[in-house]
Peer 1: 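First the structure, which I've put down as structure tokens, then a few questions once you've had a look.
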Amino acid sequence: MTTAGPNPLSLLTVEEAADVLRIGRTSMFALVKDGTIRSVRIGRLRRIPSESIVQFVNDRLGVQ
């Protein structure tokens, strides 16, 4: 079975996303706040799709 949308298991907490990028939690929140890294709000929780991390890195590398 295939699904059309993002894999729900690929949603990271802000802390997990910061760990992936090896940056601090405050820096990650700043990237989310200014829209550099896309995130979703689920109730009171903020989650970051892993695709947003990949896109962020690709943008910095100039990869299309």
Side-chain angles (χ1 to χ4, degrees):
M1 171 161 77
T2 55
T3 58
N7 180 352
L9 297 177
S10 66
L11 295 175
L12 305 172
T13 65
V14 173
E15 291 80 7
E16 290 169 339
D19 286 345
V20 168
L21 291 175
R22 307 256 193 255
I23 63 174
R25 180 179 179 269
T26 304
S27 295
M28 178 57 74
F29 270 112
L31 291 170
V32 168
K33 183 178 180 181
D34 71 12
T36 303
I37 293 183
R38 293 176 38 200
S39 67
V40 295
R41 193 140 176 107
I42 303 171
R44 295 177 59 205
L45 305 174
R46 176 75 51 194
R47 293 293 180 257
I48 303 185
S50 59
E51 296 85 13
S52 293
I53 302 297
V54 172
Q55 185 62 49
F56 172 77
V57 173
N58 285 342
D59 289 349
R60 295 302 175 278
L61 291 172
V63 176
Q64 295 283 327

Peer 1: Quick one: list whatever passes side chain to side chain donor-acceptor pair (under 3.5 Å) with N58, sequence neighbours left out.
Peer 2: none
Peer 1: To the nearest 0.5 Å, tell me how far L11 CG sits from E51 CD.
Peer 2: 8.0 Å
Peer 1: Identify every side-chain donor-acceptor pair in residues 40-49 under 3.5 Å, counting partners at least two apart or on other chains, and give the distances.
Peer 2:
{"residue": "R46", "atom": "NH1", "partner": "S39", "partner atom": "OG", "Å": "3.0"}

Peer 1: List in chain and number order the residues that pass side-chain contact (heavy atoms from CB on, under 4.5 Å) with R60, two or more places apart in sequence or in another chain; answer none if no residue qualifies.
Peer 2: T36, F56
Peer 1: Tell me, please, which residues at least two apart from S52 pass side chain to side chain donor-acceptor pair (under 3.5 Å).
Peer 2: none
Peer 1: Could you give the side-chain donor-acceptor pairs of residues 18-30 under 3.5 Å, partners two or more places apart or in another chain?
Peer 2:
{"residue": "R25", "atom": "NE", "partner": "E15", "partner atom": "OE2", "Å": "2.7"}

Peer 1: Verify the cluster assignment for L12 and V54: are they in a single hydrophobic cluster under the rule of side-chain heavy atoms below 4.5 Å apart?
Peer 2: no
